[in-house]
There are 2 protein chains.
Amino acid sequence: MIPSEQVDGSRPTTLSDVAQTAGVSVATASKALNGRPDVSAATRRRVLDVAELLSFAPNEIARNLASGRTGTVGLLTSDLDGRFVLPVLMGAEDALGAGQVSVLLCDARGDAIREQHHLRALLSRRVDGIIVVGASTNARVSLGQNLPVPVVYVYAPSSSDADLSLTPDNVGGGRLAVEHLVTIGRRRIAHISGDSSYQAARDRSTGALAALADAGLELVGDPLFSTWSEHWGRDAAGLLLSAHPDVDAIVCGSDQIARGVIDTLRDLGRTVPDDIAVVGFDNWEVLATNSRPELTSIDPNLQALGRAGARAIFESIDLGSVSPGLRKMPPRLVIRGSSVSRR
Amino acid sequence: MIPSEQVDGSRPTTLSDVAQTAGVSVATASKALNGRPDVSAATRRRVLDVAELLSFAPNEIARNLASGRTGTVGLLTSDLDGRFVLPVLMGAEDALGAGQVSVLLCDARGDAIREQHHLRALLSRRVDGIIVVGASTNARVSLGQNLPVPVVYVYAPSSSDADLSLTPDNVGGGRLAVEHLVTIGRRRIAHISGDSSYQAARDRSTGALAALADAGLELVGDPLFSTWSEHWGRDAAGLLLSAHPDVDAIVCGSDQIARGVIDTLRDLGRTVPDDIAVVGFDNWEVLATNSRPELTSIDPNLQALGRAGARAIFESIDLGSVSPGLRKMPPRLVIRGSSVSRR
DNA sequence: CTGTTAGCGCATTCAC
DNA sequence: GTGAATGCGCTAACAG
């Protein structure tokens, strides 16, 4: 329900309104409402009742001015339309919103100038902390170590290891994919990925190769790198199959690529997963669950990443600081029909 | 660059710091910095220089307390993961962020309790306005008309016409799709859409039928409604083609459905667009540009919707109020290879 | 336990 | 032109 104070269009009830009609001082009213111990049960009850009656809502602005903390954190993202920042953002909003803190959202649109602008705005608003969410897992420049509030970098790590960064473990993800395929008996495994200028592409590839080596296997052909698109997946699968018709599994650098790959495999009359198993990356639900068959994929756990980021901010506020460094968060394997046949 | 005040870890410079080192009173400093007329050019220069030197950043919190306006608007969304709210949100953030106002983001996760919680928080933070962004174009319950700040509903309209709502014109979108197909010479047009419990599905269908009637045509078969998925698109296309093998165009209720449809058409050996033209809805880039052929689609212009919403808030603040009602924003047609063959 | 006294940082009267 | 005084709504010492 909407507080009735607003119904009559008059100015919002203030603490002193409450105090006055409860017959106490503002100080006492404040203590009562904030659950401070040094108030008699009777007066507390009375103040609470009056506050309820007047549907008093404390002015956070004033409260902040007095207390020094604003109960807001800035969320500085560089690419709001990215499908990756979103889950992160949700996780953060989740962990923060559960408490009393609100989120100030800023989208720099990948523009450094705009980012500085937003940074200043956040600082002026005296946020208690800042979460920087990048659009790719490539490292980004630091906001600097001398900010008056804690900063944590999520998804895209800071290029400075004096900062705290949380990013998905892409190497581990690559391993996971191959280990799964080896487990289900595949031995002739190929790799099709996206733009090799992305750290993510290189890391996933590194992980996959490492896992292959551990299993005493070698990659079938060279890894194929190009763009993060279905088109490339389709083309690459064609290239791969004509060069190495005997592959029995393909690790893809993204779900988009995987969908393209599956598309071509069907066109070529190869069945997935019986003939060739396919593993995607990102676990992007819309893509993964709508393909035929549905996509086994590596889920980078972005929401957990966001939550961890928010928690790191809290820690940093409480403890005064937090140990910096790059923390890689473990991904998880989501098995669907493209690697294990289902009936 | 980061203000140097923060570099030395001390407390942020305040207005009185500036005043003091400039040798004036805080009042004068305030006037000088805010461009008020009653300050001599000389002192203004001096104050500005000092402020620059000390990299003074006014404490917005304090400024707000004194001025009454906070320069923040609340963005209350019910489904952050929705691919629809996002562009809206970007548009809003765009229009707002360009000025001096910041965005407080709240995600209610579709939970009414949580929404009330967030609403209170926003009100406590004394936001200047609230933009409510729903996850579908179905109407949603109003927050009430007696809030102390202007509210505008974007994407999902309010069920109360005492509120201002901005939503895409789905009827017009449906018309647009059919008109395009008629223009390129199609006459046997069918319609496959999503969940008919969605207003969007019904509206798009209504628009399509109206445009057909205007062209003196009838729909081939009944509209097929089910889920908003590729799976359904595939199945529906199969059903449709076996019942009406002679269709020459299919209007789809979403891009996902369109992709499924195209998939099946290829399986059945029908070519798109020469044999059968396909139009999607939403213009969801990742889906539309990665299909074979790329999808012609109706773009609901969500970002423009978000911008309009933000502007409405401004108006409402400036003018004291704004005329309520449901405003439908025109979509636009994006032509790609699924309706017009390209070489 | 309660009320009085001070600010938080700034904008805004008013005198000077 | 400038500065001293006042208050925004609240919290945080203190003193009773």
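So that the names make sense, note that chain A is the first sequence line, chain B the second, and so on, each numbered from 1.
Nearest approach of R126(A) to T70(A), heavy atoms of both residues: O-OG1, 2.7 Å.
Proximity of T72(A) to V103(A): side-chain heavy atoms (C-beta onward) are nowhere separated by under 4.5 Å.
For dT11(D), the OP1/OP2 oxygens have a side-chain nitrogen or oxygen of S30(A) closer than 4.0 Å. When the side-chain nitrogen and oxygen atoms of R63(B) are compared with OP1 and OP2 of dG9(C), none of them lie within a distance under 4.0 Å. When the side-chain nitrogen and oxygen atoms of T28(A) are compared with OP1 and OP2 of dG3(C), one or more of them lie within a distance under 4.0 Å.
We find that NZ of K31(A) is positioned 9 Å from P of dG3(C), with the value rounded to whole Å. The distance from atom CD of Q20(A) to atom P of dG3(C) is 13 Å, rounded to the nearest whole Å. The nearest whole Å value for the distance from the CG atom in N64(A) to the P atom in dC8(D) is 18 Å. Spacing between atom CG of L65(B) and atom P of dT11(D) amounts to 11 Å, rounded to whole angstrom units. Atom CG in L15(A) sits roughly 6 Å away from atom P in dT11(D) (whole-Å rounding). To the nearest angstrom, C1' of dC10(C) lies 13 Å from CG of D17(B). One can place CZ of R69(A) at 16 Å from C1' of dC8(C), the figure rounded to the nearest angstrom. Rounded to whole Å, atom P of dG9(C) lies 7 Å from atom CG of N59(B).
Position along DNA chain D of the nearest nucleotide to V24(B) versus S67(B) favours V24(B) as the more 5'-ward residue.
The ring-ring contact (aromatic ring centres under 6.0 Å, His included) pairs that include a residue from residues 125-155 of chain B are F84(B)-Y155(B), where partners are two or more places apart or lie in different chains.
Between E115(A) and R120(A) there is no salt bridge, since none of the side-chain N atoms of the basic residue sits less than 4.0 Å from a carboxylate O of the acidic one. Between R109(B) and D94(A) there is a salt bridge, since at least one side-chain N of the basic residue sits less than 4.0 Å from a carboxylate O of the acidic one.
Checking dC10(D), dC10(C), dG3(C) against the side-chain heavy atoms of T14(B) singles out dC10(C) as nearest. Nearest to the side-chain atoms of A66(B) among the listed nucleotides dA11(C), dG9(D), dT4(C) stands dA11(C).
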Review point. Taking only Watson-Crick and G-U wobble pairs with both distances under 3.5 Å, what dot-bracket line describes DNA chain C, where [ ] shows pairs that cross earlier ones and | shows pairs with another strand?
Key: ||||.|||||||||||
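Distance alone, capped at 3.5 Å, places no donor-acceptor pair between the Q199(B) side chain and the A139(B) backbone.
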Residues 47-54 of chain A side chain polar contacts: donor-acceptor under 3.5 Å, at least two apart:
residue, atom, partner, partner atom, Å
D49(A), OD1, R45(A), NE, 3.4
D49(A), OD1, R45(A), NH2, 2.8

Which atom pairs, one a donor and one an acceptor, fall under 3.5 Å between side chains of residues 301-312 of chain A and the rest of the protein, sequence neighbours left out?
residue, atom, partner, partner atom, Å
N301(A), ND2, P330(A), O, 3.4

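Not counting sequence neighbours, Q20(B) has no partner by the side chain to side chain donor-acceptor pair (under 3.5 Å) test.
If you check residues 33-48 of chain A against DNA chain D, the residues with a heavy atom closer than 4.0 Å are N34(A), R36(A), listed by number.
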